[in-house]
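Ligands are counted one by one from 1 in listed order, and the atoms in each one are counted from 1 as well. These numbers come from a predicted model, not from an experiment. Nothing fancy with the numbering, it's 1 onward along the sequence.
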Amino acid sequence: MNIVVLDAATLAGVSLDPLRKFGTVTEYDTTSAEQLMSRIQSAEVVVTNKVVLNADTLSQLPNLRLICVAATGTNNIDLEAARAHNIAVTNVAGYSTPSVVLHTFTLLGNLMSNIHRYAQDCANGAWQRSDLFCRLDYPIHDLSGKRFVIVGYGNLGQAVAKVASAFGAEVVIAERPGQETVRAERVEFTEALRSADIVSIHCPLTDTTRDLFDADTLALLPAHAILLNTARGGIVNEQALADVLASKQLLGAGVDVLSVEPAAADNPLVQYQGNNLLLTPHTAWASQESITRLIQGIAENIDSFLQGREHNRLV
Ligand SMILES: NC(=O)C1=CN([C@@H]2O[C@H](COP(=O)(O)OP(=O)(O)OC[C@H]3O[C@@H](n4cnc5c(N)ncnc54)[C@H](O)[C@@H]3O)[C@@H](O)[C@H]2O)C=CC1
Ligand SMILES: O=C(O)C(=O)CO
């Protein structure tokens, strides 16, 4: 089989050997929109982490049998177009759970204890000049006893909820927005947000979740709340978030994902200067262990596809 890997550089040098038993593997570190068609014209399997495969592209690939998304989120693939052209699509569910959970609580812990600001003060000499044994310039908060709202209660939402509970937080699972019937053990979306101390987003980016956290939704959050988005850019409106952070209508935000990646220089969250925002460059997933599991997962997906099994199949 002819297997083409479009953005191998995202796999950070971990060997693609597990894929080689299925055929010839052609690796490209990165692939631009202009380079895409010529590279996948004769591919039977395409492996992509974030290169976009849209309806127009998928309509021109008669040889393509399988798209292996080298990620959990699949918003870069037009799944309907893939279905229409009889192209199977797989993702890898759960490969990055330990890494995303650690990243989520690292963002939160920094924001709640102002670690980034205290560390800066050690580096710039403020502690050395201090009269006290410690410095207490910035407030520090406990996670224990806080209301921790999860939006998107799948693999990652459930894993984050477990750790939040272990910290002594009260976990609240938000019902999907706009749902008239609220399922057992869930709280209506706007009610959950109004009483939140922390909101952590773990749903996919879809037409329904795009701009889910716009100015109106963000206005529901109490001013002492912290918002975490390790899911996808586009779920939180970036200008609206920058505005509530600047006006102190929100205590803080931890953001790992933006609507356009790599970040655009004029992105409102890149431009934002306040220290109540922690922005990371889409690294929540990227532990070495996750990447090893990811490549193994892709190999299992190809194997399952060839055996006619539906493992990790979205289409
Ligand atoms: N920043 C990073 O490095 C990473 C980000 N992700 C993102 O995290 C997302 C979630 O991953 P998993 O938990 O593994 O996926 P999952 O499919 O197990 O869980 C997603 C959950 O969101 C729920 N959901 C869907 N639409 C919703 C809506 N409108 N409102 C509320 N909930 C909704 C689903 O019912 C499901 O329970 C992925 O789609 C991906 O975009 C995943 C891995 C790494
Ligand atoms: O797995 C995912 O969905 C990621 O965003 C990492 O590429």
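Distances between N or O atoms of T208 and those of ligand 1 include no value under 3.5 Å. The shortest N or O to N or O distance between D256 and ligand 1 is below 3.5 Å. Considering backbone and side-chain N/O of G154, one or more are found under 3.5 Å from N/O of ligand 1. Between G73 and ligand 2, at least one N/O pair is under 3.5 Å apart. Taking distance alone, with nitrogen or oxygen atoms compared against 3.5 Å, T72 stays at or beyond that limit from ligand 1. Considering backbone and side-chain atoms together, T283 places no N or O closer than 3.5 Å to any N or O of ligand 1. An N or O contact shorter than 3.5 Å links T230 to ligand 1 by distance.
From the protein, the heavy atom lying nearest to atom 31 (C) of ligand 1 is R176 CG, 3.6 Å. For atom 1 (O) of ligand 2, the nearest non-hydrogen atom of the protein is Y95 OH, 2.6 Å. At the top of the distance list for atom 4 (C) of ligand 2, counting protein heavy atoms only, stands K50 NZ, 3.4 Å. The closest protein non-hydrogen atom to atom 8 (O) of ligand 1 is L156 CD1, 3.6 Å. Atom 33 (C) of ligand 1 has C203 CB, 3.6 Å as its closest protein atom, hydrogens excluded (heavy atom only).
Using modelled atom types, one finds a donor on one side chain and an acceptor on the other under 3.5 Å when comparing Y272 with N276. Between D214 and T217, the side chains place a donor N or O and an acceptor N or O closer than 3.5 Å (distance only, hydrogens not considered).
Heavy-atom proximity to atom 28 (C) of ligand 1, evaluated over T97, N155, T209, is greatest for T209.
Atom numbering of ligand 2 starts at 1 in the shown order; those under 4.0 Å from a heavy atom of N49 are 7 (O). Residue H282 has at least one heavy-atom neighbour below 4.0 Å for each of these atoms of ligand 2: 4 (C), 5 (O), 6 (C). The distance from ligand 2 to the heavy atoms of R232 drops below 4.0 Å at these ligand atoms: 2 (C), 3 (O), 4 (C), 5 (O). Interface atoms of ligand 2 facing T72, defined by a heavy-atom separation under 4.0 Å, are 1 (O), 2 (C), 3 (O). Close approach of ligand 1 to Y153 is summarised as follows: ligand atoms under 4.0 Å from at least one heavy atom of the residue are 37 (O).
Assignment of A231 to the shell around ligand 1 is supported, since a heavy atom sits closer than 4.0 Å.
Ring geometry, F105 versus F148: the interplanar angle falls under 30°, so the pair is classed parallel (tilted spans 30 to 60°).
For Y28, the OH atom sits in a packed shell: over 12 heavy atoms of surrounding residues, nucleotides or ligands are nearer than 6.0 Å. Counting non-hydrogen atoms of neighbouring residues, nucleotides and ligands closer than 6.0 angstrom, the CG atom of N124 exceeds 12 such neighbours.
Using a 4.0 Å cut-off between a side-chain N of Lys or Arg and a carboxylate O of Asp or Glu, E80 and R83 qualify as a salt bridge.
For R232, every heavy-atom contact with ligand 1 shorter than 4.0 Å involves the side chain, none the backbone.
Put simply, the residue from R210, R232, K50 that forms a side chain to side chain donor-acceptor pair (under 3.5 Å) with N75 is R232.
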